[in-house]
Protein chains: 2
Amino acid sequence: MQDLLARIKIPVNDNLYLKDPSTSELGQKIIDGSIALMNQLGFERFTFKKLATEIQTTEASVYRYFESKHKLLLYLINWYWGCIATRITLETRNIELPEQKLKKTIHILTALPNPEIDSLISNELALKEIIINESAKVLITKDVDEENKVGVFSVYKTLVSNVAAIINEVNRDYPYPNMLASSMIEGSNQQRFFAAHLPKLTNIKEDSDFVESFYLDLIFNTLKK
Amino acid sequence: MQDLLARIKIPVNDNLYLKDPSTSELGQKIIDGSIALMNQLGFERFTFKKLATEIQTTEASVYRYFESKHKLLLYLINWYWGCIATRITLETRNIELPEQKLKKTIHILTALPNPEIDSLISNELALKEIIINESAKVLITKDVDEENKVGVFSVYKTLVSNVAAIINEVNRDYPYPNMLASSMIEGSNQQRFFAAHLPKLTNIKEDSDFVESFYLDLIFNTLKK
DNA sequence: TAATATCAATAGTATTACTATTACATTTGC
DNA sequence: GCAAATGTAATAGTAATACTATTGATATTA
């Protein structure tokens with residue numbers, strides 16, 4: 001699985017970069033470095049200057065690839081959801097039973113990545129933490145409409161609509177499949193943030209992955225006919 | 001109801017302001033002006049300079065009340081959730097049936113405010129939009145732990161725990177009451193953002209309030225024994 | 001009325017996101 | 001094989017903005 005995914009090229013929207021970072025060595029260093037540094041500092045404290053120092057290049061060189069740190073984060077997010085969407089397609093295509101298919105999908109979307117088994121990329125956990133901590137800062141913005149126009153969110157929208165389809169395979173009459181899908185995707189990340197910082201907003205269980213269990217219970221009870 | 005609430009003083013954490021804005025005329029102008037302007041511009045584009053121009057004072061005068069726009073937003077959020085918590089207490093205390101109590105709570109938390117009936121404050125809708133659009137920017141931060149230490153989120157945590165208690169009144173054995181509560185509170189706002197900007201992530205129904213309906217269905221199905 | 005405390009305005013500074021320009025290196029076409 | 005074109009990177013900026021230091025004005029109280 002790991003090798004297979006490593007060979008698949010995940011396409012990311014053209015509008016997110018000035019020069020495709022996957023085509024050069026410096027580009028790769030920018031991606032790898034920004035995942036590490038943004039996770040460490042957080043989006044606000046992260047700057048192109050600090051990144052440049054870290055990967056031994058210059059601020060301006062980074063600006064050759066990305067016109068802003070905002071777009072860089074959008075690139076990372078886009079790429080992450082592209083990977084997840086690919087995983088769901090690959091790992092559920094041989095499953096017949098709709099319930100099993102949905103169960104697997106919920107696992108991929110809500111569980112923490114197991115670095116040994118299902119990691120697509122060298123630093124998936126760091127990237128997942130960035131998704132958890134920083135996503136809202138570029139999604140919930142006044143610019144969302146303009147960015148949506150140029151297709152920045154199409155990967156994410158496709159993912160939600162695919163999950164919604166899997167939900168409707170289990171219960172054809174359920175009227176809110178997209179809401180349920182996006183609630184789970186966004187909510188599971190948020191609950192992990194709460195667990196780490198505001199545990200009173202969650203119910204952490206020692207014996208199991210409480211986030212995955214919560215959504216399994218929630219979704220299958222809701223879809224029960 | 002309106003008059004009653006208008007007379008209730010909603011306490012806001014001391015650490016959020018340098019000088020209590022509710023004690024002076026300029027303070028009130030800062031609050032009212034910032035709700036209007038932040039809703040109009042969004043948190044990023046909102047600055048103290050622009051606010052000062054708007055309410056005909058100076059940037060530095062605003063800094064007498066709030067040490068940063070970050071803290072100002074936290075103040076607004078805190079005050080909002082204080083109002084909501086008060087409303088839930090007042091409007092459910094005479095309800096005997098746990099199911100009816102929960103239903104009312106879900107309504108207060110997920111429905112859009114009706115300006116004529118249940119508005120606490122002159123510009124509740126604008127404030128609600130700020131909560132929807134900007135909350136994540138001050139909650140999901142690297143500073144969350146320090147701010148949590150000084151009690152900035154206590155109002156919110158109390159609200160979640162109160163709603164969790166109402167959930168457990170309906171089903172004493174449900175193991176994730178806090179998660180369900182915080183998921184609903186955060187999720188309902190997020191779904192409204194999606195509805196406005198990324199409708200493919202939701203399922204908007206013309207005939208009813210889809211957000212309230214979604215959560216009523218979701219929660220009561222989940223709690224069914 | 002004089003001392004004191006409160007409040008507000010002016011004029012800054014420091015940081016940071018971002019850009020204009022130039023220099024160097026590599027590839028490509030004939 | 002050499003020049004044109006393209007790709008890459010470095011220097012040295014600008015503009016915006018969050019935030020502060022200081023001084024001036026007003027109100028309160030002894």
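These numbers come from a predicted model, not from an experiment. Reckoned from all heavy atoms, side chains included, excluding hydrogens, waters and symmetry mates. A note on names: the letters A, B, ... follow the listed sequences, proteins ahead of strands, and every chain is numbered from 1.
Among residues two or more places apart in sequence or in another chain, the side chain to side chain donor-acceptor pair (under 3.5 Å) test is passed with Asn162(A) by none. A search for salt bridge (Lys or Arg N to Asp or Glu O under 4.0 Å) contacts involving Asp145(A) returns nothing, not counting sequence neighbours.
Ring pair Phe48(A)/Phe46(A) is perpendicular by interplanar angle, where above 60° counts as perpendicular and below 30° as parallel.
Contact check for Tyr215(B) versus Leu218(B): side-chain heavy atoms found under the 4.5 Å cut-off. Residues Gln191(B) and Ser183(A) have side chains in contact (heavy-atom distance under 4.5 Å, counting atoms from C-beta outward). The side-chain heavy atoms of Gln28(B) and Ser22(B), taken from C-beta on, include a pair separated by under 4.5 Å.
By the neighbour-count criterion of 12 heavy atoms within 6.0 Å, atom NZ of Lys50(A) is densely surrounded, having more than that number from other residues, nucleotides or ligands.
Residues from residues 143-152 of chain A lying near DNA chain C, meaning a heavy-atom separation below 4.0 Å, are absent.
Between the side chains of Ser161(B) and Thr158(B), no donor N or O sits under 3.5 Å from an acceptor N or O. For the residue pair Asn148(B) / Lys157(B), a side-chain donor-acceptor distance below 3.5 Å is found, with atom types taken as modelled. Side-chain contact of Glu147(B) with His70(B): a donor-acceptor pair under 3.5 Å is present, judged by distance alone.
Counting non-hydrogen atoms under 4.0 angstrom, Thr58(B) reaches a base of the nucleic acid. Using a 4.0 Å heavy-atom cutoff across all strands shown, Phe66(A) reaches no nucleic acid atom at all.
In this structure, the CZ atom of Arg45(A) is 11 Å from the P atom of dT16(C), given to the nearest Å. In this structure, Leu26(B) atom CG and dT6(C) atom P are separated by 16 Å, rounded to whole Å. Atom CZ in Phe46(B) sits roughly 19 Å away from atom P in dA16(D) (whole-Å rounding). As rounded to whole Å, 15 Å separates atom C1' of dT17(D) from atom CG of Leu51(B). The CG-P distance, from Leu72(A) to dA17(C), rounds to 12 Å in whole Å. The distance from atom NZ of Lys71(B) to atom P of dC19(D) is 10 Å, rounded to the nearest whole Å. For the pair Leu18(A) CG and dT6(D) C1', the interatomic distance rounds to 16 Å; values are reported in whole Å. In this entry the distance linking CD of Glu25(A) with C1' of dA25(C) reads 15 Å, nearest Å.
Lys128(B) forms no cation-pi arrangement with Tyr80(B), by the criterion of a distance under 6.0 Å to the ring centre and an angle within 45° of the ring axis.
Thr53(A) places a side-chain N or O within 3.5 Å of a backbone atom of Lys49(A) that can act as its donor or acceptor partner.
Checked against a 6.0 Å centroid threshold, the rings of Tyr176(A) and Phe210(B) do not count as neighbours.
Ser61(B) has a side-chain polar atom (N or O) that falls below the 4.0 Å cut-off from OP1 or OP2 of dA9(C).
To the nearest 0.5 Å, the span separating CE on Met38(B) from CG on Leu127(B) amounts to 10.0 Å.
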Please write out each protein N/O paired with an N/O of nucleotides 26-28 of chain D under 3.5 Å, distance rounded to 0.1 Å.
none

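An end-to-end axis angle of 10° holds for the helix from dT1(C)-dA30(D) to dC30(C)-dG1(D), taken from five base pairs per end and rounded to 10°.
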Assign a letter to each nucleotide of nucleotides 18-23 of chain C from its 5' end: B, base within under 4.0 Å of a protein heavy atom; S, sugar-phosphate only; -, no contact. BB-B--

